[in-house]
Engineer: 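If you scroll down you'll find the structure; I have some questions about it.
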Amino acid sequence: AWPGGHGASKLGSNYGPTISPQKEAEARDCSQVLWLFGPEQNITEVGTMSMFMFWVNKAGEKELVTPPLNGLILPGVTRASLLALAQSWGECKVTERDFTMKDIV
């Protein structure tokens, strides 16, 4: 997806171009493609799935983080359900924000 594009819409044109990179990932013994955006390498999605990270953040809090709905991410029912459930449980901080490869490696 790209700003101003159709990443927030369920269209075949969002999935077709991902077939070749997925096949290349499989040939390299990887199960999925981690989609990054921009020079900061913002994490967006994994394959055709929403991306969530659960970690202990720099403030020492348990946190579930996922990229924001900024036009690059499909606002799906599974994503919304996971966020609502996690918030209702109250066991961790639930955050929608940008995070990068540097944050997870």
Side-chain angles (χ1 to χ4, degrees):
W2 196 259
H6 297 286
S9 302
K10 188 121 180 133
L11 300 171
S13 61
N14 287 341
Y15 299 96
T18 69
I19 294 170
S20 179
Q22 179 60 41
K23 287 184 182 277
E24 182 178 337
E26 290 168 3
R28 295 177 182 216
D29 244 0
C30 297
S31 59
Q32 287 294 331
V33 174
L34 179 62
W35 296 104
L36 307 175
F37 178 75
E40 297 85 16
Q41 296 185 325
N42 286 338
I43 295 171
T44 59
E45 295 175 305
V46 178
T48 59
M49 299 173 283
S50 297
M51 175 66 179
F52 289 85
M53 289 295 297
F54 182 78
W55 57 34
V56 176
N57 64 25
K58 292 177 183 175
E61 306 165 303
K62 292 179 183 176
E63 181 180 32
L64 180 68
V65 62
T66 192
L69 295 177
N70 57 7
L72 300 178
I73 308 291
L74 184 66
V77 66
T78 303
R79 180 185 184 281
S81 298
L82 287 171
L83 288 170
L85 282 170
Q87 288 170 342
S88 73
W89 293 334
E91 295 180 22
C92 65
K93 181 178 181 178
V94 179
T95 310
E96 295 178 71
R97 66 170 175 83
D98 289 327
F99 60 103
T100 67
M101 283 298 293
K102 187 177 179 180
D103 294 324
I104 65 170
V105 293

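Quick caveat, the model's predicted, so the values are computed rather than measured.
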Engineer: Does S31 offer a backbone N or O that forms a donor-acceptor pair with the side chain of Q22 under 3.5 Å?
Structural biologist: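 Present.
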
Engineer: If you look at every heavy atom in I104 and W55, which pair is closest and at what distance?
Structural biologist: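 Heavy atoms of I104 and W55 come nearest at CG2-CZ3, 3.4 Å.
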
Engineer: Sub-3.5 Å donor-acceptor pair from the side chain of W35 to the main-chain atoms of G47, do we have one?
Structural biologist: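 Judged by distance alone, yes, a pair lies under 3.5 Å.
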
Engineer: Between CZ of F37 and CG of L72, what distance do you get to the nearest 0.5 Å?
Structural biologist: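 Here the rounded value is 5.5 Å.
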
Engineer: If you compare all heavy atoms of Q32 against all heavy atoms of M49, which two are closest, and at what distance to 0.1 Å?
Structural biologist: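 Of all heavy-atom pairs spanning Q32 and M49, the closest is CD-CE, 3.6 Å.
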
Engineer: How many angstroms lie between CD1 in I19 and CD in E24, if you round to the nearest 0.5 Å?
Structural biologist: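 Answer rounded to 0.5 Å: 14.5 Å.
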
Engineer: Considering only heavy atoms from C-beta outward, does the side chain of V33 approach that of T18 to under 4.5 Å?
Structural biologist: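 V33 does not reach T18 side chain to side chain.
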
Engineer: Decide if atom CZ of R97 counts as having more than 12 heavy atoms of other residues, nucleotides or ligands within a radius under 6.0 Å.
Structural biologist: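 Atom CZ in R97 is crowded, with more than 12 foreign heavy atoms closer than 6.0 Å.
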
Engineer: Looking at every heavy atom in both T44 and L36, which two are closest together, and how far apart are they?
Structural biologist: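 Minimum heavy-atom contact is OG1-N, 4.3 Å.
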
Engineer: Spell out, yes or no, whether M51 and V65 are grouped together once hydrophobic residues are joined by side-chain heavy atoms under 4.5 Å, including indirect joins.
Structural biologist: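 Yes; V65 is reachable from M51 via cluster members.
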
Engineer: Looking at every heavy atom in both F52 and L82, which two are closest together, and how far apart are they?
Structural biologist: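 In terms of heavy atoms, the two residues are closest at CE1-CD1, 3.6 Å.
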
Engineer: Compare all side-chain heavy atoms of N70 with those of D98 and state whether any distance is below 4.5 angstrom.
Structural biologist: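 Yes; the side chains approach each other to less than 4.5 Å.
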
Engineer: Output the distance between atom CG (L64) and atom CZ (F54), rounded to the nearest 0.5 Å.
Structural biologist: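 It is 7.5 Å, given to the nearest 0.5 Å.
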
Engineer: Using side-chain heavy atoms (C-beta onward) and a distance below 4.5 Å, is M101 in contact with L34?
Structural biologist: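 Yes - at least one pair of side-chain heavy atoms lies under 4.5 Å apart.
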
Engineer: Taking side-chain contact (heavy atoms from CB on, under 4.5 Å) as the criterion, tell me which of K93, K58, M53 meets it with E63.
Structural biologist: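 Testing E63 for a side-chain contact (heavy atoms from CB on, under 4.5 Å) against K93, K58, M53 leaves exactly one candidate, K93.
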
Engineer: Is R79 paired with E96 through a side-chain N to carboxylate O contact shorter than 4.0 Å?
Structural biologist: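 So E96 pairs with R79 through a salt bridge.
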
Engineer: Quick check: does any side chain N or O of T100 sit under 3.5 Å from a backbone N or O of N42, one acting as donor and the other as acceptor?
Structural biologist: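 Here the side-chain-to-backbone pair does not exist.
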
